[in-house]
Amino acid sequence: MTGLTAESAGGRRGAVAGLPPGIAITDLRAAYGRIEVLHGVELLVPPGSVYALLGPNGAGKSTLLKVISGRLRATSGQVVIGEKPVGKASTEKLARSGVCAIPEGRGVFPNLTVRENLRIWTYRGGMDINEVEDTTYEEFPRLKERRRQMAGTLSGGEQQMLAISRALVTHPKVLLLDELSMGLAPLIVAELYDLVGNLARKGMTVLLVEQFVSTALSVANRAAIMVHGRIEQEGSPEEMAEAALSVYLA
Amino acid sequence: MSPVDAHARGSAVLMVSEVAVRFGGVAALRDVSLSVQPATVTGLIGPNGAGKTTLFNVISGLQAPDRGSVHLFDTDVTAMKPHRRARLGLARTFQRLELFGSLTAGENVQVGLESAVKWWEWRHLSRSFPWKRRAARPGDAAPDGDGPSGLGSVAAATSDRLLDGVGLEGLGHQQASAMPTGLARMVELARALAIGPKLLLLDEPGSGLDEAESKALGDLLVKLAAGGMAVLLVEHDMELVMGISDYIYVLDFGDVIASGTPEEIRRDPMVQAAYLGAMPDDPGSEGATVTEGIGAGTGGSPGIEPGGDR
Amino acid sequence: MSNFLQYTVFGIMLGAGYAIAATGLVVTYTTSGVFNFAQGAVGMIAAFSYWELVTAHHVPILVALVIILVLGASIAGALVERVLMRRLHGASAERPVMVTLGLMVILTGLAAIVWSPSTQRTVGYMINGQFGLLGINIQYQYVLIIAVAIAVAIGLRALFYSTRPGYALRAVVDDPELLAMSGASPNRMSQYGWILGFVMAALSGVLLASTQTTGLNIEAMTLLVVSGYAAAIVGRLKNIPITFAAAVGIGLAENYIGNYVVPHVPQNLGLDITNALPMVFLFIALVTLPSVRLRAVGRLTTLRVPRVASGWESLVAGGVFFAVAVTAALLFGNTAFKGTTLLTLGGVVMALGIVGLSLVLVTGYSGQVSLCQFSFMGIGAFVMGKVAGGGSLLGLLAATAVCAGIGALIALPTIRLRDLYLALATFAFADAVANAFFTDPHIYGSGGVGVGRIVLPGLSFGGDASEFLMVTAFFVLAAWMVLAMRRSLFGRRLLAVNDSPAAYATVGLNIGFTKVAVFAIAAGMAGLAGALYGTVQQIVGTSDFDVFPGIIFVLFVTIWSIRTVSGAFLAALTYVVLNQLWPSGLGLFAGIGIILIGRAAGGILGIEAIQVHLPWVRRRQTDLAEIPTAALAGAAIIGGGTHVAG
């Protein structure tokens with residue numbers, strides 16, 4: 001238990017000007033049908049931090065991200081992003097208000113070309129498509145060669161680059177990453193997390209779920225371990241590295 | 001490194017030879033080969049997205065491989081339908097549960113138990129008459145005392161024994177869709193056991209279980225193997241896998257990157273890198289750099305099928 | 001040669017009309033996942049509205065088109081998505097099918113009230129005149145239809161491939177959740193999909209109205225797009241260019257076959273081939289579809305399952321039911337209502353009740369939607385009338401067997417596909433049987449088929465009372481049989497194959513065999529019901545087994561509860577009573593009822609508040625949260641030999 005409540009989230013109200021919002025979660029419960037998966041999650045993600053959420057499969061990490069991004073409705077409890085309680089806002093509303101969630105697997109539309117995917121990322125907001133493309137290709141030059149190709153025909157690494165470029169071009173306030181590294185070679189994972197680190201330094205709040213403890217902790221500046229639908233421990237990456245070892249490998 | 005050679009062939013209950021599966025531009029399995037011996041527990045580990053579930057789908061017939069072959073009990077089953085493979089003696093569970101939600105836990109197991117019964121046979125049909133023998137009602141805790149002459153009541157009794165065996169005593173009458181994940185996993189396991197398999201594929205049976213439960217699950221699997229069953233186990237709980245497996249395969253990016261006894265696997269640095277992931281500045285990670293992504297990215301057009309489905 | 005050209009032009013024109021409706025269907029399906037069975041009815045309403053405005057009230061054509069397409073169809077499409085469809089997210093798979101069918105019967109019901117079928121209505125060409133080309137005369141109207149279809153195709157292409165909403169419409173097909181995460185609303189996209197679908201349906205209705213030279217007919221206009229369904233299936237419900245091409249091909253084929261083949265078919269062979277063509281095309285399309293891959297979907301069913309009566313309970317209940325029927329027969333022996341004796345009506349209720357039971361089996365338990373149970377009834381009645389001169393027990397057996405066989409044949413090509421395709425196949429079959437078989441004077445006779453009543457040695461069911469009791473006895477028997485099946489391992493398999501096909505296959509059970517078997521059994525039951533219906537009515541007419549009554553009946557069963565025997569009986573009762581009181585309102589009742597029931601899977605009988613709990617039934621509920629799974633620690637030894645061999 002973190003022992004932190006939404007009240008101590010500090011700087012939620014009257015946040016220091018320019019600081020991005022953090023995420024405060026209180027007593028959150030969520031269920032699939034009649035089966036409860038989150039049993040009262042308490043979590044505080046400080047503004048501008050990279051927060052890693054660790055834990056065994058089936059612990060409820062992805063479910064938690066789903067609730068924060070509005071894809072699953074909580075049965076009780078509260079999620080506050082910045083000053084605003086998320087409440088019953090729809091996924092698309094949250095997305096427009098600056099919550100960028102990149103789902104597990106490949107967060108791209110396989111039957112749209114790379115360019116069309118990029119145009120979808122900026123469906124609202126009137127961003128200039130050329131600017132969006134330039135920014136993306138500057139970061140991932142390989143996508144430029146493939147801009148007319150269907151996203152489903154890209155390699156796994158390229159698909160994930162395209163997926164994360166959404167965070168790059170839409171300037172969200174909060175970034176939720178679910179298993180960014182899934183099925184990807186370490187070099188590519190490193191490249192992707194480099195970008196995540198850069199985005200965080202620009203002020204984005206990042207909450208990431210990651211199966212590779214060391215990978216996650218190398219980019220995170222705060223971490224928690226989730227087991228059985230609850231936050232079990234919370235602390236600095238160093239503290240969590242030790243704790244995670246006992247949870248994962250025992 | 002050829003795992004199949006390393007691990008004796010011949011009497012293998014399962015032989016997977018050079019199986020490859022691609023989804024769009026992403027290779028899920030690349031020339032995977034492995035074999036499973038009778039009366040052993042074989043572990044299959046690897047990070048999420050390594051292709052373990054895809055491999056299970058290929059073995060059980062839910063996914064046709066692009067290349068390669070699958071032999072079950074010395075029969076080539078590569079083109080065989082899933083239900084025929086099951087009749088050969090293959091049972092599986094699913095990572096995301098696949099229960100018969102509108103049936104009770106007991107009925108779920110019964111469907112497995114009775115899978116070889118032909119429903120149109122008169123000796124079965126005639127049991128529907130109430131005066132014949134009380135038909136097994138969903139979730140009856142015990143058959144009637146006056147002798148198990150009806151198939152239904154034998155099945156019900158056996159189903160209860162199976163449920164007891166996986167720790168679900170007295171829960172036979174619960175509707176399966178209302179059961180929490182941990183219990184539901186055990187119902188799935190009981191249903192898989194109910195078809196009397198010679199080879200059991202378990203996809204993360206331990207997730208959602210606590211320490212004591214997963215210890216008990218391990219004991220159960222060891223006992224099953226001792227009784228002659230072959231178990232192929234996908235599991236993230238390393239303590240469980242390392243503790244009970246006779247042999248382990250490690251899958252990463254759709255490749256078997258290592259195989260051996262639990263001790264050998266534990267010592268293998270590539271496995272450590274693959275499983276724990278590498279810090280971006282960790283020199284050890286170079287050893288684990290497998291040919292993903294970058295290679296495909298420069299190799300011209302990786303497009304398999306132009307996604308023309310619209 | 002000039003004939004050939006003439007047929008070709010007409011075929012392309014007709015195909016172009018189908019193509020507009022079919023691509024609209026595909027757009028709606030891909031963006032919202034719902035196959036709109038009301039597509040034809042929307043076109044029908046548009047055609048009648050066009051007649052009303054242009055022909056009856058002399059509104060300028062362009063104004064009429066704006067009213068119908070821009071105001072009418074698009075707003076209706078948006079409303080249907082928002083009010084009817086959106087709340088069905090997460091409902092059982094057959095429910096959206098039922099709701100669009102409900103919409104269809106509401107629209108046809110309303111049309112019948114507004115535009116009395118007794119009036120002849122013809123719609124003139126939008127552009128009059130013709131021109132000569134290669135020795136044939138081509139109507140400007142044909143050119144217009146073809147041109148509009150091409151414009152629609154180009155417009156859709158441009159929309160989907162070069163506008164941002166178009167990308168989003170394609171994206172929602174790939175992954176609605178990801179689209180939401182990108183800030184666009186998937187619901188909005190489905191709404192656009194419905195609007196496009198409705199507008200295109202209306203457009204095709206308005207354009208094709210002028211080709212109905214014998215006047216607009218509600219049923220014919222509504223069923224005109226069944227050919228479009230076949231085209232949509234050739235395009236696998238997602239590929240618009242292929243759908244478009246297939247529609248044109250079907251239009252051509254219909255004309256060539258209609259003009260070159262049909263005249264050479266001997267008249268006394270019966271079967272109006274032209275009317276059966278849409279079904280033939282649909283079946284060809286279904287056979288060419290690739291099998292769907294079995295997928296593990298994760299479990300979703302959280303439906304509360306109705307309690308199943310035990311063997312003794314159902315036996316006692318059946319006895320009581322029969323006793324009540326005997327009492328009723330004694331009391332109302334000679335009471336008549338609107339020229340029919342109450343006992344005859346009662347017999348019809350019981351026969352329909354058996355059809356309802358067949359739906360419980362096939363749709364309620366195994367989740368497959370069948371829209372042609374009335375067709376099986378008709379075939380059953382026909383067989384009953386023809387075998388051994390009618391009125392024999394042999395006829396009952398033959399009716400059951402023939403229908404079971406036909407049922408298996410219909411189910412076979414669709415079992416490897418998704419359940420929606422079975423619904424489509426049964427819809428097409430119902431259409432073909434109603435319009436090619438039942439209406440054919442050579443087969444069904446212009447005055448109907450005499451069935452007669454069953455006469456057994458020493459027993460006659462000639463009187464209304466004994467006839468009523470005989471059919472009642474069959475109903476009770478069928479109900480008891482359905483419940484016995486539900487309790488048996490077959491019943492467990494039906495529910496199981498519906499819940500998780502992937503798991504069903506991996507425990508060693510044959511999905512296809514089970515589905516075909518249950519469909520055949522249900523078809524046989526409907527055939528038996530039809531034979532009994534024939535003995536009640538003694539003579540059955542050509543319009544007794546139409547497409548729409550059959551669909552309306554399915555809806556009534558769903559409204560009451562398609563998972564229970566009582567639901568089947570109450571649906572039959574409701575249907576017969578309403579049919580006596582206000583036959584033209586039947587569709588309205590059914591449609592509005594299914595909309596009101598919405599996603600409640602159990603229907604009216606599934607509503608918790610009205611359920612009666614039998615005092616001797618223990619309600620076994622364990623609070624699962626209280627049970628420690630650590631009971632596992634006591635895991636017993638499970639050796640081999642647990643398998644119960646067959």
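Order of the sequence lines sets the chain letters (A, B, ...), proteins ahead of strands, with each chain counted from 1.
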Of the non-hydrogen atoms in Leu99(B) and Ala176(B), which two are nearest, and what is the gap between them?
CD1-CB, 4.0 Å
Non-hydrogen atoms of chain B under 4.5 Å away: do they reach the side chain of Leu494(C), the backbone, both or neither?
neither
Under 4.5 Å from any heavy atom of chain C - which part of Gln63(B):
both
Say you draw a straight line from CG of Leu220(B) to NZ of Lys215(B); how long is it, rounded to the nearest 0.5 Å?
11.5 Å
Taking all non-hydrogen atoms of both residues, which atom of Leu62(B) and which atom of Pro82(B) are closest, and how far apart?
CD2-CG, 4.0 Å
Heavy-atom proximity to chain C below 4.5 Å, by part of Leu90(B):
backbone
Output for pair (Thr53(B) OG1, Asp203(B) CG), nearest 0.5 Å, gives 4.0 Å
Assert top hit (heavy-atom pairs under 4.5 Å, partner chain B, pool Ile242(C), Val507(C), Ile511(C)) equals Val507(C)
Only pairs of heavy atoms separated by less than 4.5 Å count here; which of Leu495(C), Leu237(C), Leu509(C) has the most with chain B?
Leu509(C)
So what's closer than 4.5 Å to chain B heavy atoms on Tyr365(C): side chain, backbone, both or neither?
neither
For the residue pair Ser102(B) / Asp499(C), report whether a side-chain donor-acceptor contact shorter than 3.5 Å exists.
yes
